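Report on one structure; see the data block that follows.
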Amino acid sequence: MDQFSELLLALPVLLLSLSAHEFAHAWVALRQGDDTAYMLGRVTMNPAAHVDPIGTLLFPAISILTGAPLLGWARPVPTNPRKYRHYKRGDILVSIAGVCANAVLALVFAVLFWIAVRTVGAGTDWRANPVVQLAFFGVVSNVGLILFNLLPIPPLDGSHVFYHLLPPSMGASYRQLNQYGFLLLWLLVLTGALNFLGPVIFRISMTLLSPAFLR
């Protein structure tokens with residue numbers, strides 16, 4: 001598959017995955033008593049409400065076309081934790097909602113992959129089938145989003161959970177890293193410190209896809 005065809009398949013999958021991630025944050029926040037995202041129209045699967053022109057479109061396109069590691073993000077959902085009925089529980093649930101949505105999508109795409117591979121006719125290269133390719137991208141991208149967002153680096157989702165595991169004094173200092181979070185993430189990306197995620201994403205993705213080849 002050429003790079004342009006790969007882009008046409010991968011970008012819609014990534015757009016769906018990022019939209020589901022942000023929708024889940026917004027929906028769970030509303031369920032926990034915070035209507036901030038709801039009032040801003042973010043409790044929706046409409047990609048237009050979540051898309052970031054640079055993070056959702058430009059960077060993924062460059063990554064796919066150049067063969068660089070796939071990077072992408074949507075506009076973060078604004079929340080007001082003070083509105084949660086139970087602050088700690090609400091903060092944790094809202095934080096993990098996005099990765100839970102990606103986990104569901106990874107399983108859905110895995111099932112689609114199993115079905116597509118098994119229905120490809122004998123003598124046909126299943127790797128060239130666009131549905132198989134789309135499902136493959138769906139699994140890999142959602143597994144990647146899960147692992148990336150669980151990193152305990154502010155402002156990623158994993159940092160909110162990690163914060164609640166720390167003593168209050170350490171937690172307050174840790175939260176102050178939020179202002180440097182994106183700078184730290186870019187530093188880790190540029191230095192290759194996050195390259196360890198690649199093999200982990202691949203191993204988990206292959207585990208999800210492997211039932212397609214069982215007879």
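Just so you know, these numbers come straight off a predicted model, no measurement behind them.
Of the inter-residue distances, the one linking Leu40 atom CG with Thr79 atom OG1 reads 11.0 Å to the nearest 0.5 angstrom. With rounding to the nearest 0.5 Å, the separation of CD1 in Ile92 from CD in Gln32 is 10.5 Å. Within the model, atoms CG of Leu145 and CG of Leu150 stand 10.5 Å from one another, a figure rounded to the nearest 0.5 Å. Distance check, rounded to the nearest 0.5 Å: OG of Ser141 to CG of Leu11 gives 10.5 Å. A distance of 11.0 Å separates CE of Met170 from CG of Leu165, quoted to the nearest 0.5 Å. Atoms CG and CG, from Leu112 and Leu105 in turn, are 11.5 Å apart once rounded to the nearest 0.5 Å.
His25 contributes a side-chain N or O that, together with a main-chain N or O of Val94, makes up a donor-acceptor pair within less than 3.5 Å. No side-chain donor-acceptor contact under 3.5 Å links Thr56 to the backbone of Pro53. A donor-acceptor distance shorter than 3.5 angstrom exists from the side chain of Asn102 to the backbone of Ser17, with no hydrogens or angles considered.
Here the shortest heavy-atom pairing between Pro47 and Ser19 reads CA-OG, 3.4 Å. The minimum heavy-atom distance linking Gly144 with Ile201 is given by the pair CA-CD1, 3.5 Å. For the residue pair Ala106 and Val139, the shortest heavy atom distance occurs at O-CG2, 3.6 Å. For the residue pair Leu9 and Pro130, the shortest heavy atom distance occurs at CD1-O, 3.9 Å. For Thr207 against Arg203, the heavy-atom pair with the smallest separation is OG1-O, 2.8 Å. Closest heavy-atom contact between Ala101 and Ala24: CB-CB, 3.7 Å.
Side-chain heavy atoms closer than 4.5 Å link hydrophobic residues (I, L, V, M, F, W, Y) into clusters, and following such links, even through other members, never connects Val77 to Val28. Linking ILVMFWY residues whenever their side-chain heavy atoms come closer than 4.5 Å, directly or via other members, places Val13 and Phe202 in the same cluster. One hydrophobic cluster, built from ILVMFWY side chains closer than 4.5 Å, cannot hold both Val131 and Val108; they sit in different ones. Connection of Val200 to Leu156 is established within a shared hydrophobic cluster, with ILVMFWY side chains joined at heavy-atom distances below 4.5 Å, either directly or through further cluster members. Both Phe196 and Ile204 are part of a single hydrophobic cluster, where members link through side-chain heavy atoms under 4.5 Å apart.
Applying the ring pair (Phe, Tyr, Trp, His ring centres under 6.0 Å) rule to His50 yields no partners; only residues at least two apart in sequence or on another chain are considered. In this structure Asp52 satisfies the salt bridge (charged side-chain N to carboxylate O under 4.0 Å, His left out) test with no other residue, sequence neighbours excluded. Not a single salt bridge (charged side-chain N to carboxylate O under 4.0 Å, His left out) links Arg75 to another residue, sequence neighbours left out. With sequence neighbours left out, the ring pair (Phe, Tyr, Trp, His ring centres under 6.0 Å) criterion links Tyr87 to His164. Under the ring pair (Phe, Tyr, Trp, His ring centres under 6.0 Å) criterion, Phe162 pairs with Tyr174, sequence neighbours left out.
For the pairing with Phe109, the side-chain contact (heavy atoms from CB on, under 4.5 Å) check across Leu16, Val143, Leu209 returns one residue only, Leu16.
Under a cut-off of 6.0 angstrom, the local environment of CE in Met206 is crowded, with over 12 non-hydrogen atoms contributed by other residues, nucleotides or ligands. Around CE of Met39, the count of heavy atoms belonging to other residues, nucleotides or ligands within 6.0 Å does not exceed 12.
Side-chain contact check for Phe148 versus Leu194: some heavy-atom pair is nearer than 4.5 Å. Here the side chains of Leu208 and Phe113 are not in contact, with every heavy-atom distance at 4.5 Å or above. In this structure, His21 and Asn149 have side chains that are in contact, with non-hydrogen atoms separated by less than 4.5 Å. For the pair Leu188/Leu151, no side-chain contact is recorded, criterion being any heavy-atom separation below 4.5 Å from C-beta on. Within the 4.5 Å cutoff, side-chain heavy atoms of Val111 are placed close to those of Ile115.
Residue pairs satisfying the salt bridge (Lys or Arg N to Asp or Glu O under 4.0 Å) criterion with at least one member in residues 16-34, sequence neighbours excluded, are absent.
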